[in-house]
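Here's the structure, in structure tokens; my notes come after.
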Amino acid sequence: MRTLRDKLTYANVISTLCLFMLLGGGAYAATQLPKNSVGTKQLKNNAVTGKKIKKATIDASKLTPAAVSTLKGTKGDTGAVGPQGPQGITNGGAYATVVPEFPPVFRGDHPGFAGVERLEGSDGVYCLTPDPETDITHPVASGDWADSSGFGFFVEPLAGGTVIGCEEGQLEVRTYDLEQEPGEPVITVATNSAAFTVFVPQS
């Protein structure tokens, strides 16, 4: 015991006390930190790794837009086939432009129509012969100014292929001038100078 006392010095005692204080203080700091006392300033860069983050604690609202854009899940199953829509028109329909020459002729393509003629002895009555598969039930027509002479035309296709002057099965189209005397109402006068385009939608 006397030998141990002889070897103790002031420096030895002080250094031993310091060692115990450091070890004791570190243990206290590690186990007795107050709640919410560690923040971003106390964390070193890259101190928090993916393994130390609890699952399902970070959602998209806590990520930057750039990070969200990189997220991509696995491809889902193919959805069920929806109901079939209504049947559309199988083609664009039959159409033709008629030029009032003598005899009248088609200008350009005229799919769905085989020929055209003007009814003999009647002004402004044209008979268009449709192809066998062309349905002429709902025709529409309009004046074609480029190949007409004069102005103020009215074109009337007879819906449903109604037979008045043309042969049965033909599409009858009538063309008129719109004329007006001063102070009088507008009247229609049959004319042979109006070109027209006719269109018949197909179902």
Side-chain angles (χ1 to χ4, degrees), residues 60-61 65-66 68-203:
S61 65
V68 172
S69 65
T70 63
L71 302 177
K72 185 178 181 180
T74 57
K75 185 178 180 180
D77 297 332
T78 302
V81 178
Q84 183 176 355
Q87 179 65 43
I89 296 177
T90 55
N91 58 59
Y95 62 89
T97 297
V98 176
V99 179
E101 296 181 357
F102 301 96
V105 295
F106 290 129
R107 176 166 59 82
D109 296 332
H110 46 93
F113 289 98
V116 59
E117 58 186 321
R118 193 166 64 217
L119 186 64
E120 187 176 353
S122 298
D123 289 335
V125 181
Y126 297 85
C127 304
L128 283 72
T129 302
D131 291 337
E133 67 276 9
T134 300
D135 180 6
I136 58 174
T137 304
H138 303 288
V140 293
S142 63
D144 189 298
W145 299 100
D147 293 308
S148 300
S149 57
F151 56 90
F153 301 115
F154 175 73
V155 183
E156 179 186 22
L158 301 187
T162 303
V163 178
I164 296 180
C166 298
E167 296 181 3
E168 185 173 0
Q170 290 184 314
L171 175 61
E172 186 171 327
V173 179
R174 294 175 174 251
T175 58
Y176 304 91
D177 272 330
L178 300 179
E179 298 182 1
Q180 184 180 26
E181 295 293 336
E184 299 293 331
V186 175
I187 60 173
T188 58
V189 179
T191 181
N192 295 327
S193 61
F196 63 90
T197 297
V198 63
F199 173 75
V200 185
Q202 303 297 289
S203 58

Could you report the tightest heavy-atom contact between [X] and [Y], atom names first, then the distance?
| X | Y | result |
| --- | --- | --- |
| F106 | A96 | CE2-CB, 3.5 Å |
| A195 | V99 | CB-CA, 4.3 Å |
| P104 | R118 | CG-N, 3.6 Å |
| P100 | Y126 | CB-OH, 3.4 Å |
| T191 | Y176 | CG2-C, 3.5 Å |
| C166 | V125 | SG-CG1, 4.4 Å |

So V140 and V198, do their side chains get closer than 4.5 Å, heavy atoms only? no
Tell me, do L128 and H110 make a side-chain contact under 4.5 Å, heavy atoms counted? no
Mind jotting down which residue pairs meet the salt bridge (Lys or Arg N to Asp or Glu O under 4.0 Å) criterion with at least one end in residues 151-170? Sequence neighbours excluded, please. none
Within 6.0 Å of CD in E181, more than 12 heavy atoms from elsewhere: no
Can you measure from [atom1] ([X]) to [atom2] ([Y]) and round to the nearest 0.5 angstrom?
| X | Y | atom1 | atom2 | value |
| --- | --- | --- | --- | --- |
| D147 | T97 | CG | OG1 | 8.0 Å |
| D177 | T188 | CG | OG1 | 9.5 Å |
| D123 | T175 | CG | OG1 | 8.5 Å |
| I164 | T162 | CD1 | OG1 | 6.5 Å |

Under the 3.5 angstrom rule, does the side chain of [X] hit a backbone N or O of [Y] as a donor-acceptor pair?
| X | Y | answer |
| --- | --- | --- |
| D131 | E133 | no |
| Q202 | V200 | yes |
| E172 | L158 | no |

Determine, using ring centers only, whether F153 and F196 are less than 6.0 Å apart. no
